[in-house]
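Structure first, commentary second.
Values in this document were obtained by computation on a predicted structure and should not be read as measured data. FYI, the numbering just counts along the sequence from 1.
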Amino acid sequence: MGRITETVKALIIINIIFFVGAYLLGDRATALFALWFPQNPNFHIWELITHMFMHGGLMHILFNMFMLYMFGSILENYLGQKRFLFLYFSSGLGAAGLQILFSYFGFHSAFEAFVEAGMTPDQIYDMLAQGSIQYGSGIDKETATQLLNTYWTPMVGASGAIFGVLMAFAIVYPNIPLYIMFIPVPIKAKYLIGGYFLLNVFSAVTGISILGPANTAHWAHIGGAIIGFITMWMWKRDQFNQNRWN
């Protein structure tokens, strides 16, 4: 890998500053900068950006920053600073958008189950505010857990933005050989990154987490990857069309 670019270096430094700051401030930092479900009182519009710089633990930030270091500088050298930043942040926003969308569907299906069981919306929100949900009388534990977890589990991490970078990398350099730990055979970028994407789709649809902890925001990974793919595909297409007539 070549020299780290200035933009990637700046992103890594900002992530580290947020990580240290969150460690020192504790729950207050999470309340202010993690991305909460929009109906949670902790939700603020700036969290759509700041959540990209928050991480849930040391391994989380180490993995994300390693991926950003490995693939980000190469892609920035190809795209330039402005396009790279656009790709990075638009992928992060796409990740947040898709995760919120599916969280919304899950939350409101569970919410309606409580309403149908005879509870008023005010009673449901009162229970949520207390951080505990009673189930029974037509409400199973899974529905109650889904309602509570969606409401009180914030989204953190640069994974969605970085997944967009990975997908863009796979489009620009589809046949470059990549190595992963414990597999001594090189795998082309389009197969390795594409396979990683499909694993996330499987986990998002089935709820079975193959890579990462059970609370991994797989829809966020998918959202970031889709935006990264579409953005890079359009840029490549436009470049082809311009060169075609030169």
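A single hydrophobic cluster is seen to contain both Tyr104 and Leu147, as judged by linkage of ILVMFWY side chains at heavy-atom distances under 4.5 Å, directly or through other members. One hydrophobic cluster, built from ILVMFWY side chains closer than 4.5 Å, cannot hold both Leu25 and Ile14; they sit in different ones.
Under the rule for a side-chain contact (heavy atoms from CB on, under 4.5 Å), the partners of Tyr173 that lie at least two apart in sequence or sit in another chain are Ile74, Tyr78, Phe169, Ile176. Residues passing the side-chain contact (heavy atoms from CB on, under 4.5 Å) test with Ile171, sequence neighbours excluded: Phe229, Met232, Trp233, Lys236. Under the ring-ring contact (aromatic ring centres under 6.0 Å, His included) criterion, Phe37 pairs with Phe107, sequence neighbours left out. Considering only residues two or more places apart in sequence or on other chains, Ala217 meets the side-chain contact (heavy atoms from CB on, under 4.5 Å) condition with Gln99, Ala220. Residues forming a side chain to side chain donor-acceptor pair (under 3.5 Å) with Tyr125 (at least two apart in sequence, or on another chain): Gln39. Take Tyr88 and apply the ring-ring contact (aromatic ring centres under 6.0 Å, His included) test, not counting sequence neighbours, and it matches no residue. Applying the ring-ring contact (aromatic ring centres under 6.0 Å, His included) rule to His55 yields the partners His60; only residues at least two apart in sequence or on another chain are considered. Evaluation of the ring-ring contact (aromatic ring centres under 6.0 Å, His included) rule for Phe102 yields Trp219 as partners, not counting sequence neighbours. Every residue two or more places apart in sequence or in another chain that forms a side-chain contact (heavy atoms from CB on, under 4.5 Å) with Thr50 is listed here: Phe18, Phe33, Trp46, Glu47.
Closest approach of Ala225 and Phe163 over heavy atoms only: CB-CD2, 3.6 Å. In terms of heavy atoms, Ile162 sits closest to Met65 at CD1-CE, 4.4 Å. Contact detail for Met54 and Ala34: the closest heavy-atom pair is CG-N, 4.3 Å. The two residues Ala170 and Ile193 come nearest to each other via the heavy atoms CB-CD1, 3.9 Å. Between Ser91 and Gly164, the shortest heavy-atom distance links the atoms OG-CA, 3.4 Å. The two residues Gly72 and Val8 have their closest heavy-atom pair at C-CG2, 3.5 Å.
At least one side-chain heavy atom of Gln146 sits less than 4.5 Å from a side-chain heavy atom of Ser109. The shortest side-chain heavy-atom distance between Lys188 and Pro177 does not fall under the 4.5 Å cut-off. Considering only heavy atoms from C-beta on, Leu75 comes within 4.5 Å of Leu87 through its side chain. Using a 4.5 Å heavy-atom cutoff, the side chains of Ile4 and Ile12 are in contact. Leu192 has its side chain out of reach of Tyr196: every pair of non-hydrogen atoms, C-beta onward, lies at least 4.5 Å apart. Phe86 is listed as a side-chain neighbour of Trp235, based on a closest heavy-atom distance under 4.5 Å. Proximity of Asn64 to Tyr69: side-chain heavy atoms (C-beta onward) are nowhere separated by under 4.5 Å. Contact of the Ile45 side chain with the Leu48 side chain is registered, since non-hydrogen atoms from C-beta on lie closer than 4.5 Å.
Put simply, NE2 on His44 and CD1 on Ile49 are 15.5 Å apart, with the number rounded to the nearest 0.5 Å. Remark: Met167 CE to Ile227 CD1 distance equals 11.5 Å, nearest 0.5 Å. Here Asn149 contributes atom CG and Thr153 contributes atom OG1; the two are 4.5 Å apart, rounded to the nearest 0.5 Å. Between the CG atom of Leu79 and the CG atom of Leu85 there is a distance of 10.5 Å, given to the nearest 0.5 Å. For the atom pair CG (Leu98) and CG (Leu93), the distance works out to 13.0 Å, reported to the nearest 0.5 Å. Atom-to-atom distance recorded for Leu166:CG and His221:NE2 is 10.0 Å, nearest 0.5 angstrom.
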Inset, instruction - Could you please spell out the steps behind the side-chain contact (heavy atoms from CB on, under 4.5 Å) verdict for Phe43 and Leu35? - result: CA-CA 7 Å; Phe43 175 78; Leu35 179 59; 3.8 Å; yes
Legend entry - CA sep, side-chain torsions, deciding dist, call: Phe66, Met70, side-chain contact (heavy atoms from CB on, under 4.5 Å): CA-CA 6 Å; Phe66 177 72; Met70 290 292 289; 3.6 Å; yes
Inset, instruction - Would you please test Val115 and Ile124 for side-chain contact (heavy atoms from CB on, under 4.5 Å) and show each step? - result: CA-CA 8 Å; Val115 171; Ile124 299 170; 3.8 Å; yes
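Checked by atom type, the side-chain pair Asn200/Ser203 shows no donor-acceptor distance below 3.5 Å.
Other residues, nucleotides and ligands contribute more than 12 heavy atoms inside 6.0 Å of the CG atom of Asn175.
Below 30°, between 30° and 60°, or above 60°: for Trp152 and Trp36 the angle between ring planes is above 60°, a perpendicular geometry. Ring-plane geometry between Phe53 and Phe89 is classed as tilted, the angle between the planes lying from 30 to 60 degrees on a 0 to 90 degree scale.
Counting only residues at least two apart or in different chains, salt bridge (Lys or Arg N to Asp or Glu O under 4.0 Å) contacts with residues 5-20 comprise Arg3-Glu6, Glu6-Lys9. For residues 159-172, no residue pair satisfies the salt bridge (Lys or Arg N to Asp or Glu O under 4.0 Å) rule, not counting sequence neighbours.
With a 4.5 Å cut-off between side-chain heavy atoms of Ile, Leu, Val, Met, Phe, Trp and Tyr, the cluster of Ile17 takes in Ile13.
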